[in-house]
Trainee: 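Quick one: structure below, then a few questions.
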Amino acid sequence: LIARREAASIDLVVLQAGHTTKPGKGIHFAYCPAGAAIVEVDGTRHDVKGDHCLRLDTDRPTMLAVRDGTILLGSVLCVSQ
């Protein structure tokens with residue numbers, strides 16, 4: 001993940017089944033490093049294959065829940081207007 005510090009911040013977290021998070025406005029990548037995962041974004045289910053990624057472009061905070069598997073959530077968050 002790469003970002004200009006004046007315009008954005010970056011974050012990388014590991015989320016396993018049962019974990020939820022509320023990423024802010026920005027671009028997010030839910031990557032499945034070890035097998036498939038089921039991810040819900042604002043209540044919509046996404047089946048993500050192993051070694052694949054779900055890209056989310058959000059203009060507001062979003063509810064993300066991992067229902068099965070493990071994901072790496074990489075985020076580039078907007079910090080400037």
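For reference, positions follow the sequence shown, starting with 1. Both backbone and side-chain heavy atoms feed into the values below; hydrogens, waters and symmetry mates do not.
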Trainee: Begin with the C-alpha distance, continue with both residues' side-chain angles, and end with the deciding distance and a verdict on side chain to side chain contact (heavy atoms under 4.5 Å, CB included) for T62 and R60.
Mentor: CA-CA 6 Å; T62 301; R60 61 179 173 70; 4.3 Å; yes
Trainee: Report all side-chain donor-acceptor pairs from residues 12-21 shorter than 3.5 Å, counting only partners two or more places apart or in another chain.
Mentor:
{"from": "H19", "atom 1": "ND1", "to": "Q16", "atom 2": "N", "distance (Å)": "3.2"}
{"from": "H19", "atom 1": "ND1", "to": "Q16", "atom 2": "O", "distance (Å)": "3.0"}

Trainee: State, to 0.1 Å, how close R45 and E40 come at their nearest heavy-atom pair, and which atoms those are.
Mentor: CA-CG, 4.1 Å
Trainee: Restricting to side chain to side chain donor-acceptor pair (under 3.5 Å), what partner residues turn up for D59, sequence neighbours left out?
Mentor: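 Applying side chain to side chain donor-acceptor pair (under 3.5 Å) to D59 gives none.
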Trainee: Please round to the nearest 0.5 Å and tell me the distance separating atom CD1 of I10 and atom CD1 of I27.
Mentor: 12.5 Å
Trainee: Is it true that L56 and V48 fall in one hydrophobic cluster, defined by side-chain heavy atoms closer than 4.5 Å?
Mentor: yes
Trainee: Please check if V41 and I71 belong to a single hydrophobic cluster, counting links between Ile, Leu, Val, Met, Phe, Trp and Tyr side chain heavy atoms closer than 4.5 Å.
Mentor: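 Linked, V41 and I71 end up in one cluster.
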Trainee: For a quick test of your reading: what N or O donor-acceptor pairs under 3.5 Å do the side chains of residues 28-38 make, sequence neighbours left out?
Mentor:
{"from": "H28", "atom 1": "ND1", "to": "S75", "atom 2": "OG", "distance (Å)": "2.7"}
{"from": "H28", "atom 1": "NE2", "to": "G24", "atom 2": "O", "distance (Å)": "2.8"}
{"from": "H28", "atom 1": "NE2", "to": "T58", "atom 2": "OG1", "distance (Å)": "3.4"}
{"from": "Y31", "atom 1": "OH", "to": "D51", "atom 2": "OD1", "distance (Å)": "2.5"}

